[in-house]
Amino acid sequence: MDGSLRSRGRLTEMDALRGIGALCVLIFHYSTRFHELFPQAAHVPFSFPGGNYRVLLFFTISGFAIFFTLDRIRTVADFVVNRFARLYPAYLVAMLLTLGIEYLAQATQLLVGPVAILANFTMLQGFAFMPEVDGAYWTLTVEIAFYFCMVAIWKFVGIRRLEPVLALWLAVRWLFWLWPDMPERIIMLLVLRYTPFFVIGMLAYRLWSGQRTLAQQAPYAALALLSIATMETWDVTIVGCVLMAAFLALIHGHLRFLSLRPLVWLGGISYSFYLIHQHVGFVVMLEFAKAGYSPWLGFAAAFAVALTLGTVINRVVERPAGEAIIAWWKRRRDARLAIASAATIQG
């Protein structure tokens, strides 16, 4: 398939998918998860199980979107700074806000100890097996490990020969299946629990960008689905098939009906929204329950607070701080290149 798929321009449908995923995760947390953690509190009379399904969508999107960074970088340092600028400022503010609200509300069941809090400042708490300030942060450990794997592939193998590497990666996942006692940190660093979902996104990007044809990608897609089918439950296998079909539809322009302005907007703030929604929302719902208000009112209030804080963090912190850090890095890098070039000429 040629590059005509990519020539259609920005995939606003992907922003919509992010928005749908963020909304579904929030509903899962505010219904099912809230009731699990606080069975004594009044809660909305429904459950929204399968929260991990929505997270698998995020991982597939990350597999697709990682190339938007890899295609622009020159060095590993470029990649590290880009990911730091994208993730850390919003994370830091959301974590501090979450901690402040938890302490003010004396939500002791949600609080973690001082050592864990210090570990959370690094964003690497998952690798040290420390608890997260907010339970939603566990996915950041997975994302950071995925970034580590991808920049290693970019540096030492190259993206042009990506598909055989993906096949090897899936084979290592089967080794994890056959070796139940594989050290946990190896499992985490190689993202072996979620590899096929990232692979689905990467295969879709290569097809969309015109670098591979559908016939070339089909065997690797089959390997990804086989990895899911042999190692996961039947329902997760169905999710894998749905994600495969959804991303094929996405890159061929068949999901444009999802590009509704509210969903695209929510997708645009989805990272900040995701970071702030869970524990802060729990505190809001607990306070409404203590005051005797309807759990539906607490649910709506928690959603409104999360939406407001997510929007503010996105507009005030995530975007401007990320842009400032990347601009600073480019100036620094270009200045060094200019000095090195001048020294070469003089030499």
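Keep in mind that the numbers below use all heavy atoms, side chains included, and drop hydrogens, waters and symmetry copies. Computed from a predicted model, the values in this text were never measured in an experiment.
By the rule that hydrophobic residues join a cluster once side-chain heavy atoms approach within less than 4.5 Å of another member, Val242 and Leu248 end up as members of separate clusters. Under the 4.5 Å side-chain heavy-atom criterion for ILVMFWY residues, a single connected hydrophobic cluster contains both Trp296 and Phe38. Linking Ile, Leu, Val, Met, Phe, Trp and Tyr residues whenever their side-chain heavy atoms come within less than 4.5 Å leaves Trp234 and Val239 in two separate clusters. Cluster annotation: Phe68 is connected to Leu203 through the hydrophobic network of ILVMFWY side chains, with a link wherever side-chain heavy atoms come within less than 4.5 Å.
Looking only at side-chain heavy atoms (C-beta outward), Tyr274 and Leu140 stay at 4.5 Å or farther from each other. Using a 4.5 Å heavy-atom threshold, the side chains of Phe127 and Thr122 count as separate.
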Query raised in the report: Passes side chain to side chain contact (heavy atoms under 4.5 Å, CB included), Phe198 versus Val142? Steps please.
Result: CA-CA 11 Å; Phe198 289 107; Val142 179; 3.9 Å; yes
Requested in this report: Evaluate the criterion side chain to side chain contact (heavy atoms under 4.5 Å, CB included) for residue pair Leu56 and Glu232; output intermediate values, then yes/no.
Outcome: CA-CA 13 Å; Leu56 298 178; Glu232 305 294 344; over 6 Å; no
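Between Trp169 and Leu190, the shortest heavy-atom distance links the atoms NE1-O, 2.8 Å. Taking all atoms of both residues into account, the shortest heavy-atom contact from Arg206 to Arg160 is NH2-O, 3.3 Å. Shown here for Pro131 and Gln125, the closest heavy-atom pair between the two residues is O-CG, 4.3 Å. Closest of all the heavy-atom pairs between Ile186 and Met182 is CG2-SD, 3.9 Å. Of all non-hydrogen atoms in Pro320 and Arg315, the two that sit nearest each other are CD-O, 3.2 Å. Across Ile200 and Gly240, no two heavy atoms sit closer than the pair CD1-O, 3.9 Å.
Between the side chains of Thr195 and Arg173, no donor N or O sits under 3.5 Å from an acceptor N or O. Side-chain polar atoms of Tyr147 and Thr69 form no donor-acceptor pair below 3.5 angstrom. Side chain to side chain, Gln217 and Glu163 meet the donor-acceptor criterion of an N or O pair below 3.5 Å. There is no side-chain donor-acceptor pair under 3.5 Å between Ser31 and Ser47.
Atom CG in Leu37 sits 12.0 Å away from atom NE2 in His43 (nearest 0.5 Å). The distance from the CD1 atom of Ile66 to the CZ atom of Phe146 is 5.0 Å, given to the nearest 0.5 Å. Expressed to the nearest 0.5 Å, how far CZ of Arg54 lies from CZ of Phe48 amounts to 4.0 Å. Here the straight-line distance linking atom CG of Leu97 with atom CG of Leu275 works out to 11.0 Å at 0.5 Å rounding. The CG atom of Leu337 sits 13.0 Å away from atom NZ of Lys330, with the distance rounded to the nearest 0.5 Å. Here Leu214 contributes atom CG and His252 contributes atom NE2; the two are 6.5 Å apart, rounded to the nearest 0.5 Å.
Within the 3.5 Å criterion, the main-chain N or O of His279 finds a donor-acceptor partner in the side chain of Asp134. Side-chain atoms of Tyr88 do not come within 3.5 Å of backbone N or O of Gly322 as any donor-acceptor pair.
Only one option out of Phe282, Phe299, Tyr293 pairs with Phe288 in a ring-ring contact (aromatic ring centres under 6.0 Å, His included); it is Tyr293. Considering Phe247, Phe64, Tyr194 in turn, Tyr194 is the only one that fulfils the ring-ring contact (aromatic ring centres under 6.0 Å, His included) rule with Phe59.
For Gln106, the CD atom counts as loosely surrounded, since its 6.0 Å shell holds 12 or fewer non-hydrogen atoms of other residues, nucleotides or ligands.
With ring centers used as reference points, Tyr53 lies 6.0 Å or more from Phe28.
Aromatic ring orientation, Tyr30 versus His277: tilted (interplanar angle from 30° to 60°).
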